[in-house]
Amino acid sequence: MSQSTFFLEPVPPFRLDLTVWTLRRRPDNAVDRWDGKTYRRVLLLPVGPVEVAVTQVASPETPRLQIAVTGQPIRAAVQADVTTNLERLLGLRIDLTEFYQLAAPDRRLGPLAQRFRGMKPPRFATVFEGVINAIACQQVTLTLGIRLLNRLAVACGTVFGEGDEAGHAFPRPMDIAGLCPAGLRQFGFSRQKGLAMIELAKSAAEGRLDLEGLAALPDAEVIDRLCELRGVGRWTAEYILLRGLGRLHVFPGDDVGARNNLQRWLRLRKTLDYEGVRRILAGWGGYAGLVYFHLLLDRLAESENLSVTRPCGSLSVPITGNIS
């Protein structure tokens, strides 16, 4: 199978390891794979499926990524499609200079931003993927939600490769539209979640629902449109604004785990509610979503005992702090 390589240079600073963990959220994520050095994902391009392998080969301050593409020769169109996907998934073109300037003098935000400096806010590859992720993770632990998504990808996603090395693309609308709720129940989804996912997939596959078109709408209208869908409420809509549409000023205030992370970080005794989250985050301007992502990393580092390394040229050096 053909393999070709090219390079990308993200806006500095950039750390692939931190960005990938923010995207994948749990170590057993089967779609966004990470072995401690290389990020792998199956992409469905117009010319066919490919697997990309991304490795950081230069320091966070002068970042350079080696992109290996397996499955198609790297013609101009293929390289452009892969680049577009990776820029979205890994936030490669996002400049966080203003965020770091805001955070530096803040006694709380400054140390957090410095500790995870180089993390870029990721996005799901499509808004459809974002909605399915959100529905899967409703009212269950994130660990279980990721496992449900893994089962869905293995059963319905395009397979690339063979054996233990096989990767699975995230399912497209057409891959889910033909399922029945009973089939999704076998993967662990509730009947209501199954109905919501199938209805969403059918609407998208038949062209009756343009999820990518939501990018042109203001937040309030996006929320209204999303909440018209079966199984979508305020938390799901705000989650999609942040992780599907890249609205970095959005902190999903109904996310219990995120609220707990915020409360723990600020050492608050009183339990936060939705309005309490909004009041606290108002002082950090349009970066509430970045606070969300940084607190996710902070929690992963403390509770998951993940191995996160600092790239230095082609080497990896453990960073200090609670991450081992």
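All heavy atoms count here, side chains included; hydrogens, waters and symmetry mates do not.
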(request) Hey, can you tell me if Tyr239 and Phe124 have their rings parallel, tilted or perpendicular (30° and 60° cut-offs)? (result) tilted
(request) I would like to know whether Tyr287 and His294 meet ring pair (Phe, Tyr, Trp, His ring centres under 6.0 Å); could you show each step before the answer? (result) CA-CA 11 Å; Tyr287 297 110; His294 279 74; over 10 Å; no
(message) Could you tell me if Thr236 and Gln138 have a donor-acceptor pair between their side chains, going purely by distance under 3.5 Å?
(response) yes
(message) Show, in sequence, the C-alpha distance, side-chain angles and deciding distance for Val42 and Val50, and conclude whether the side chain to side chain contact (heavy atoms under 4.5 Å, CB included) test is met.
(response) CA-CA 6 Å; Val42 177; Val50 301; over 6 Å; no
(request) Could you tell me the separation between the CD atom of Gln263 and the OG1 atom of Thr271, rounded to the nearest 0.5 Å? (result) 5.0 Å
(request) Could you tell me whether Glu206 atom CD has more than 12 heavy atoms of other residues or ligands within 6.0 Å of it? (result) yes
(request) Taking ring pair (Phe, Tyr, Trp, His ring centres under 6.0 Å) as the test, write out the residues that go with Tyr292, two or more places apart. (result) Phe251
(message) As an exercise, state the distance from CZ of Arg40 to OG1 of Thr38, rounded to the nearest 0.5 Å.
(response) 5.0 Å
(request) Report the residues that fulfil side chain to side chain donor-acceptor pair (under 3.5 Å) with Arg41, sequence neighbours left out, ordered by chain and then residue number. (result) Asp32, Glu129
(message) Check this for me, if you would: do Arg115 and Asp298 make a salt bridge, where the nitrogen-to-carboxylate-oxygen distance has to be below 4.0 angstrom?
(response) yes
(request) Can you measure from CZ (Arg64) to CD (Gln56) and round to the nearest 0.5 angstrom? (result) 12.0 Å
(message) side chain to side chain contact (heavy atoms under 4.5 Å, CB included) for Val291 and Leu296? Distances and angles first, verdict last.
(response) CA-CA 9 Å; Val291 174; Leu296 170 63; over 6 Å; no
(message) Measuring from atom CG of Leu241 to atom CG of Asp219, what distance do you get when rounded to the nearest 0.5 angstrom?
(response) 5.0 Å
(message) Just verifying a value: how many Å separate Asn261 CG and Asp255 CG, rounded to the nearest 0.5 Å?
(response) 8.0 Å
(request) Please confirm whether Arg33 makes a cation-pi placement over Tyr39, using NZ or CZ under 6.0 Å from the six-membered ring centre and within 45° of the ring normal. (result) no
(request) Report the residue from Asn29, Asp28, Thr141 that forms a side-chain hydrogen bond (donor to acceptor under 3.5 Å, both in side chains) with Arg147. (result) Asp28
(message) side chain to side chain contact (heavy atoms under 4.5 Å, CB included) for Leu65 and Glu9? Distances and angles first, verdict last.
(response) CA-CA 6 Å; Leu65 304 179; Glu9 295 182 355; over 6 Å; no
(message) Assess, by modelled atom type and distance only, whether the side chains of Thr19 and Thr22 contain a donor and an acceptor separated by less than 3.5 Å.
(response) no
(message) Can you tell me how far apart CD (Gln192) and CG (Leu184) are? Round to the nearest 0.5 Å.
(response) 12.5 Å
(message) Would Arg151 and Phe187 count as a cation-pi pair here, with the cationic atom under 6.0 angstrom from the ring centre and within 45° of the axis?
(response) no
(request) With Arg25 as the cation and Trp21 as the aromatic partner, state whether NZ or CZ is under 6.0 Å from the six-membered ring centre and within 45° of the axis. (result) no
(request) Compare every heavy atom of Ile74 with every heavy atom of Val69, then report the nearest pair and how far apart it is. (result) CG2-CD1, 3.8 Å
(request) Return yes when atom CZ of Arg267 has more than 12 non-hydrogen atoms of other residues, nucleotides or ligands closer than 6.0 Å, and no otherwise. (result) no
(message) Among residues at least two apart in sequence or on other chains, which ones pass ring pair (Phe, Tyr, Trp, His ring centres under 6.0 Å) with Phe170?
(response) none
(request) Considering only NZ, NE, NH1 and NH2 on the basic side and carboxylate oxygens on the acidic side, decide whether Arg117 and Glu61 come within less than 4.0 Å. (result) yes
(message) Is there a side chain to side chain contact (heavy atoms under 4.5 Å, CB included) between Leu152 and Ile176? Walk through the geometry before answering.
(response) CA-CA 9 Å; Leu152 184 68; Ile176 299 176; 4.0 Å; yes
(request) Could you tell me whether the side chains of His168 and Asn150 share a donor-acceptor contact shorter than 3.5 Å? (result) no
(message) Taking the basic N atoms (NZ, or NE/NH1/NH2) and the acidic carboxylate oxygens, is any pair closer than 4.0 Å for Arg88 and Glu212?
(response) yes
